[in-house]
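Here is the structure we will look at, set down as structure tokens.
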Amino acid sequence: MDHIEIEKKWRERWEKDGVNTFHEGGDKHYVLEMLPYPSGAKLHVGHWYNYGLTDSYARFMRMNGKNVFQPMGFDAFGLPAENYAIKTGIHPKDSTDANIATMERQLRDMGIMFDWSHEFYTCAPDYYKWTQWLFLQLYKNGLCYQKKAPVNYCPSCQTVIANEQVVDGKCERCKTEVVRKEMTQWFFKITDYAERLLQGLDGLDWPEKTKTMQRNWIGKSVGGEVVFDLEKPTADANAIRVFTTRADTLLGVTYVVIAPEHALVPVLTVPKQKKAVEKYVAEAAKRSEIERTSTSKDKTGVFTGSYCINPLNGKKVPVFVADYCLSTYGTGAVMGVAAHDTRDYAFAKKNGLEIVRVIRPADGEGELPFTEYGVMTNSGKFDGLTSEEGKAAVLEELEKLGHGGKKTNYRMRDWSVSRQRYWGAPIPVIYCEHCGTVPVPEKDLPVELPYDVNFTPDGKSPLARSEKFVNTVCPICGKPARRETDTLDTFVCSSWYYLRYPDAHNDKAPFDKKRVNALLPVDCYVGGAEHACGHLLYSRFITKVLHDLGYLDFDEPFKRLVHQGVILGPDGYRMSKSRGNVISPDPIVQKYGSDALRLYMMFGFDYTEGGPWSDGGIQSCARFMDRIERIADDVTNVKADATADDALDYELNYCIKQVSADIPAFGFNTAVARCMELVNAMYKYRAGKECSLPYLKHVLGVLVKVMAPLAPHFCEELNERLGGKASLFDQSYPVCDERKLVRAETEYAVQINSRVKCKVVLPQGLAAADVQKLALENAEVKELIGGATPKKIIVIPERLINIVL
RNA sequence: GCGAGCGUGGCGAAAUUGGCAGACGCGCCGGACUUAGGAUCCGGUGGGUAACCGUGCAGGUUCAAGUCCUGUCGCUCGCACCA
């Protein structure tokens with residue numbers, strides 16, 4: 001069979017007959033793969049693994065009566081295209097369009113049943129118009145705000161660069177040391193949804209690992225806030241607030257630490273300490289950029305010269321600035337309990353601070369620092385309480401005193417959506433001297449990205465230099481005003497795209513409410529695990545926001561999530577251009593056909609594990625198809641007949657049953673193995689004396705349906721050759737006849753003292769007592785027991801008998 | 001450092017979830033058909049002559065452990081001073 005030829009033929013046939021066209025109604029099943037970024041590197045085998053195998057799942061669901069919706073589009077904004085433009089001068093839009101054309105051709109060659117009429121590109125104005133609309137909804141509802149935040153800035157390239165472009169603190173392109181720069185940026189208030197994002201995880205059919213990662217990322221921690229009054233209040237401040245999970249240790253506080261970036265640093269620093277503190281803060285700013293992650297185990301810090309008051313006992317404690325306290329978590333200040341925290345202990349030792357024990361183990365003293373829960377001591381009226389009781393009691397007391405109380409903290413921070421970049425959706429905001437920050441009215445969307453801009457880096461983004469773009473009029477007062485020149489993070493574009501597919505060309509709204517509520521949530525979402533705390537979290541957030549605003553009936557976008565494993569290069573390393581170990585699917589498809597590639601990707605790996613690519617396996621799958629074709633050659637001209645051979649009929653139904661369970665569980669490797677077993681049985685049958693070609697043809701006809709989701713073109717071709725008229729994908733999947741799996745006899749393994757000694761054949765379906773009785777009557781078993789009296793006999797129905805002597 | 005996951009033949013991997021370890025395939029060995037085969041078909045293939053031994057290593061629970069528990073080593077991923 002010329003696979004290239006027949007694959008082309010069937011793709012054209014499907015197209016012509018509208019086999020892949022989605023019609024609304026019925027028992028919908030929305031299958032979605034994470035949409036690709038159109039890079040110049042084209043599709044690699046990893047995309048195939050993701051899209052090709054998920055398509056097999058989708059085809060299976062379709063043959064099982066589901067009305068499957070499986071769309072595809074392109075996540076087309078982003079940094080690589082812009083960097084490419086800086087390097088080559090080729091406009092991002094042009095290179096992106098070209099890449100999309102190539103990738104779309106490759107995707108079509110895969111033979112996936114995408115309904116292309118729902119396709120979109122996130123970089124097209126008719127899509128990003130609605131990304132901007134989304135921004136405005138968040139803005140209007142208080143979920144979007146501006147604040148100053150640090151960005152990475154390369155002084156040589158004169159541009160802001162992304163975190164992933166910073167390698168060892170240096171710019172990946174020019175190796176210049178990157179500096180931190182404070183800039184005003186837009187944020188989405190994802191932290192408002194922290195608790196719901198956490199709670200919602202429980203009901204999702206997602207990999208536990210991914211849920212755990214999101215839980216850790218959200219980082220809920222239940223504790224309390226303590227207010228330390230300043231010894232000398234000023235006009236600017238009168239107290240330091242700290243967050244703690246160990247309120248039971250409050251009476252052991254011997255100092256308080258604030259982060260170098262804390263607003264109170266200048267307020268609390270006394271003139272005598274000014275020089276030392278300023279020097280420390282400057283050094284910390286540098287360190288946090290370059291080596292914060294690896295080394296700074298050393299607990300450094302300097303005294304501000306000021307003191308604050310422990311609200312519980314009125315004790316005066318010194319305030320330090322130290323970089324082991326993070327400005328980004330909690331209140332940016334912590335209480336120092338040297339006796340019960342390893343970091344505080346190290347800091348106190350180094351700075352000669354007092355160490356006061358207030359918790360002891362339930363028995364004895366134990367060494368310091370003692371960081372576990374125990375019993376309160378040296379704590380006056382709290383003495384004797386357990387840590388658990390003490391936490392509650394202390395926080396209650398603080399509340400009475402008006403100096404704190406219970407508080408829950410989340411590690412997650414708000415989502416920064418500003419990018420000082422050209423190739424993204426412009427943020428729809430206008431700055432007016434008279435009216436201030438003004439959102440672009442919805443009727444004026446989209447704010448179009450100008451094509452004609454200059455990419456040479458000179459300290460401003462290309463958008464900021466485009467006078468035509470920047471200069472506008474204020475929508476309120478009509479006077480000259482300037483546009484925001486930052487663009488949106490591409491994760492904003494991809495945070496709502498699954499809502500666009502059902503109604504991809506709607507120019508009145510981002511989606512039709514009825515249609516979206518009918519088709520969503522996504523029933524099965526498949527993509528890489530690396531998006532656990534990015535895209536997958538943002539999408540959940542946006543869905544919840546749109547739900548709360550009344551646009552959606554559901555508040556979780558993806559019911560079931562599956563991660564495909566990573567296909568590594570033949571050398572066992574992640575595929576990369578620099579390693580030169582990238583496997584391109586194109587030559588493989590040209591040589592063996594896309595079905596052979598698909599089968600191999602299924603057969604060679606555990607889907608969620610992935611693994612190194614190997615060339616050898618692909619031939620085995622091509623050979624497997626040849627074996628099936630050879631049977632087809634034998635039976636093409638006979639009339640099919642279902643007069644059964646018991647042994648082969650058993651194999652056939654066993655295969656149907658197993659494959660039907662494997663495919664929805666993404667167990668493709670075993671599904672293919674079961675089909676191979678059936679083909680082996682067919683060969684055995686064909687070689688036997690009792691072989692009936694009409695029956696063999698019947699079995700082949702069923703196999704072709706069973707395998708249709710796994711090798712769609714090939715199976716369609718065989719089906720046609722066997723006399724089938726309609727497309728297999730408009731037919732039902734074979735159903736296992738359980739009666740055919742009932743056999744008269746079962747072979748039991750007989751164990752003596754837990755070791756298999758022999759086998760006995762007994763009728764199927766016996767009660768345990770009868771199994772035991774018959775087994776003990778067996779001559780071989782009798783001999784093995786040799787007259788000894790069994791102490792205990794365990795019978796596992798249809799499996800084994802264990803006789804303990 | 002913390003958290004999660006993994007470790008099974010020469011290789012990719014299976015194992016009804018505590019019940020005959022190694023399905024299926026690659027590779028290898030042998031046979032058939034052949035002028036020939038790197039095509040195809042059939043058979044064999046964890047180790048050991050054997051009793052037996054075998055799922056990283058050491059223990060434990062159990063009639064029974066790849067599967068559960070404890071410890072340990074190694075690898076991968078995620079988070080990295082989170083108070």
Side-chain angles (χ1 to χ4, degrees), chain A residues 207-217 219-221 223 226 242-247 249 257 259 288 292-299 322-326 328-337 340-344 346-347 371 409-413 529-530 532-533 566 599-600 603-606 608-609 611-621 623-624 626-627 630 657-658 661 667 669-680 683-684 686-687 747-759 790-805:
Chain A
E208 266 321 307
K209 192 179 166 174
T210 307
K211 291 207 253 183
T212 303
M213 276 166 73
Q214 286 206 356
R215 284 191 191 104
N216 292 342
W217 186 263
K220 179 178 184 174
S221 108
V226 185
V242 308
F243 176 74
T244 180
T245 53
R246 291 298 301 272
T249 64
V257 179
S288 63
R292 160 165 246 153
T293 49
S294 54
T295 39
S296 73
K297 285 260 186 277
D298 207 19
K299 296 289 173 284
D323 71 352
Y324 81 90
C325 177
L326 305 175
T328 49
Y329 182 75
T331 59
V334 294
M335 57 190 214
V337 186
H340 305 294
D341 182 283
T342 44
R343 295 156 302 184
D344 296 347
F347 187 77
T371 59
N409 231 324
Y410 298 89
R411 188 180 315 182
M412 185 169 64
R413 290 182 246 154
E530 68 274 17
C533 299
V566 180
L599 273 176
Y600 170 59
F603 184 59
F605 309 88
D606 172 330
T608 57
E609 288 289 313
W613 174 266
S614 95
D615 282 319
I618 186 104
Q619 266 152 13
S620 71
C621 289
R623 195 177 305 165
F624 172 50
D626 288 347
R627 270 167 76 77
R630 247 174 254 119
K657 184 176 178 167
Q658 296 297 319
N669 52 353
T670 47
V672 175
R674 295 292 91 82
C675 294
M676 287 173 166
E677 277 169 354
L678 177 57
V679 171
N680 289 344
Y683 266 75
K684 195 165 257 172
R686 188 175 70 157
E747 188 188 64
Y748 279 81
V750 179
Q751 297 182 328
I752 306 288
N753 290 334
S754 308
R755 283 158 193 249
V756 178
K757 292 291 181 183
C758 71
K759 307 278 169 83
K791 246 196 281 184
K792 195 173 177 184
I793 299 176
I794 293 106
V795 174
I796 305 298
E798 315 302 331
R799 293 214 144 257
L800 64 74
I801 303 147
N802 188 5
I803 301 165
V804 185
L805 298 178

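Sequence lines set the chain letters: A, B, ... in the order given, protein chains first and strands last, and positions in each chain run from 1.
- Contacts of Ser614(A) with the nucleic acid, taken as non-hydrogen atoms under 4.0 Å apart, are absent.
- Computed from coordinates, the Met676(A) CE to A13(B) C1' distance equals 12 Å when rounded to whole Å.
- Rounded to whole angstrom, the span from the CZ atom of Arg343(A) across to the P atom of G1(B) amounts to 16 Å.
- Distance from the side chain of Ile794(A) is smallest for G19(B) among the nucleotides A23(B), G19(B), C26(B).
- The closest donor-acceptor contact from the side chain of Asn802(A) to the backbone of Ser754(A) lies under 3.5 Å.
- On the P atoms, A64(B) is 14 Å away from A21(B), given to the nearest whole Å.
- Among the protein residues, Arg215(A) comes within range of no part of the nucleic acid, since none of its heavy atoms lies under 4.0 Å from any strand.
- At the heavy-atom level, Lys220(A) lies nowhere under 4.0 Å from the strands shown.
- Nucleotides U72(B) and G1(B) are separated by 12 Å at their P atoms, to the nearest Å.
- The pairing partner recorded for A51(B) is none, the criterion being a Watson-Crick or G-U wobble arrangement whose two distances lie under 3.5 angstrom.
- Remark: the Lys299(A) side chain and the C81(B) base include a donor-acceptor N/O pair separated by less than 3.5 Å.
- Among C20(B), G43(B), A23(B), the nucleotide with an atom closest to any side-chain atom of Ala673(A) is A23(B).
- The Asp606(A) side chain lies nearest to A14(B) when the options are C52(B), U40(B), A14(B).
- The residue Thr328(A) sits apart from the nucleic acid: no heavy atom pair falls under 4.0 Å.
- Note on Glu208(A): nothing from the nucleic acid sits closer than 4.0 angstrom, heavy atoms only.
- Between Arg686(A) and C42(B), a side-chain N or O to OP1/OP2 separation shorter than 4.0 Å is absent.
- Note on Lys759(A): a base of the nucleic acid sits closer than 4.0 angstrom, heavy atoms only.
- A 3.5 Å limit on both hydrogen-bonding distances identifies G27(B) as the Watson-Crick or G-U partner of U45(B).
- Nearest-nucleotide positions on RNA chain B place Val756(A) closer to the 5' end than the other of Val756(A) and Arg630(A).
- With rounding to whole Å, Lys792(A) atom NZ is found 10 Å from A64(B) atom C1'.
- Nucleotide G9(B) carries a syn base; the chi torsion (O4'-C1'-N9-C4 or O4'-C1'-N1-C2) is within 90° of 0.
- Atom CD of Glu609(A) and atom P of A14(B) are 8 Å apart (whole Å).
- Searching all strands for a Watson-Crick or G-U wobble partner of G71(B) with both distances below 3.5 Å returns C57(B).
- The separation of C26(B) from G44(B), taken at their P atoms, amounts to 15 Å, rounded to a whole angstrom.
- Within 4.0 Å of Arg674(A), counting heavy atoms only, lies at least one base atom of the nucleic acid.
- For Arg755(A), no side-chain nitrogen or oxygen approaches OP1 or OP2 of C20(B) to under 4.0 Å.
- A donor-acceptor pair is defined here as one N or O able to donate and one able to accept, closer than 3.5 Å; such a pair exists between the side chain of Tyr748(A) and the backbone of Glu798(A).
- Nucleic acid contact for Arg623(A): sugar-phosphate only, since backbone atoms but no base atoms lie under 4.0 Å from a heavy atom of the residue.
- Between G18(B) and A83(B), the distance separating the two C1' atoms is 44 Å to the nearest Å.
- With distances taken from any side-chain atom of Lys684(A) to the nucleotides G78(B), G43(B), C20(B), the minimum falls on G43(B).
- Within the 3.5 Å criterion, the main-chain N or O of Leu805(A) finds a donor-acceptor partner in the side chain of Asn753(A).
- Within 4.0 Å of Asp626(A), counting heavy atoms only, lies no atom of the nucleic acid at all.
- Following rounding to the nearest Å, Tyr329(A) (OH) and C79(B) (P) show an atom-to-atom distance of 17 Å.
- As judged by a 4.0 angstrom heavy-atom cut-off over every strand, Gly330(A) is placed among residues making no nucleic acid contact.
- Two residues are said to be in side-chain contact when any heavy atoms from C-beta on lie closer than 4.5 Å; Tyr600(A) and Val672(A) fail this criterion.
- Nucleotide G66(B): unpaired (no Watson-Crick or G-U wobble partner with both distances less than 3.5 Å).
- Whole-Å rounding puts the Leu678(A) CG to A23(B) C1' distance at 15 Å.
- For Arg413(A), the CZ atom sits in a loose shell: 12 or fewer heavy atoms of surrounding residues, nucleotides or ligands are nearer than 6.0 Å.
- Using a 4.0 Å cut-off, no side-chain N or O of Lys209(A) falls inside it from OP1 or OP2 of C79(B).
- In this structure, of G78(B), A83(B), A14(B), it is A83(B) that holds the atom nearest to the side chain of Thr244(A).
- One N or O on the side chain of Arg246(A) and one on the backbone of Thr371(A) form a donor-acceptor pair closer than 3.5 Å.
- In this structure, of C24(B), A13(B), C53(B), it is A13(B) that holds the atom nearest to the side chain of Asn669(A).
- In this structure, Ile793(A) places its CD1 atom 11 Å from C1' of C63(B), rounding to the nearest Å.
- Nucleotides A15(B) and C29(B) are separated by 27 Å at their C1' atoms, to the nearest Å.
- Remark: U40(B) base-pairs with A32(B). Criterion, Watson-Crick or G-U wobble with two distances under 3.5 Å.
- For the C1' atom pair drawn from C63(B) and G7(B), the interatomic distance equals 29 Å after rounding to whole Å.
- When both distances must be under 3.5 Å, the Watson-Crick or G-U wobble mate of U76(B) is A4(B).
- Annotated as syn: U17(B), whose O4'-C1'-N torsion sits within 90° of 0.
- Side-chain contact of Arg627(A) with Asn680(A): a donor-acceptor pair under 3.5 Å is present, judged by distance alone.
- Taking atom P on both nucleotides, G25(B) is separated from U67(B) by 28 Å, rounded to a whole Å.
- Without hydrogens or angle criteria, Asp344(A) side chain to Val337(A) main chain gives a donor-acceptor distance under 3.5 Å.
- In this structure, of G3(B), A14(B), C53(B), it is G3(B) that holds the atom nearest to the side chain of Asn216(A).
- Among the heavy atoms of the strands lying under 4.0 Å from Tyr683(A) are primed sugar atoms or P, OP1, OP2 only; no base atom is included.
- For C42(B), neither phosphate oxygen OP1 nor OP2 lies less than 4.0 angstrom from any side-chain nitrogen or oxygen of Asn680(A).
- With P as the reference atom, G37(B) and C75(B) are 48 Å apart, rounded to whole Å.
- Ranking A83(B), C52(B), C63(B) by closeness to the Val804(A) side chain, first place goes to C63(B).
- When distances are taken from the side chain of Asn802(A) to each of C24(B), C63(B), A23(B), the shortest belongs to C63(B).
- In terms of phosphate contacts, Thr245(A) brings no side-chain nitrogen or oxygen within less than 4.0 Å of OP1 or OP2 of C82(B).
- Note on Gln751(A): a base of the nucleic acid sits closer than 4.0 angstrom, heavy atoms only.
- Separating the CD1 atom of Ile618(A) from the P atom of C24(B) is a distance of 22 Å, rounded to the nearest angstrom.
- Under the Watson-Crick or G-U wobble criterion, with both distances below 3.5 Å, A14(B) is left unpaired in every strand shown.
- Residues Ile793(A) and Ile801(A) approach most closely at CG2-CG2, 4.0 Å, considering heavy atoms.
- Nearest nucleotide to the Glu677(A) side chain, out of C20(B), A83(B), A23(B): A23(B).
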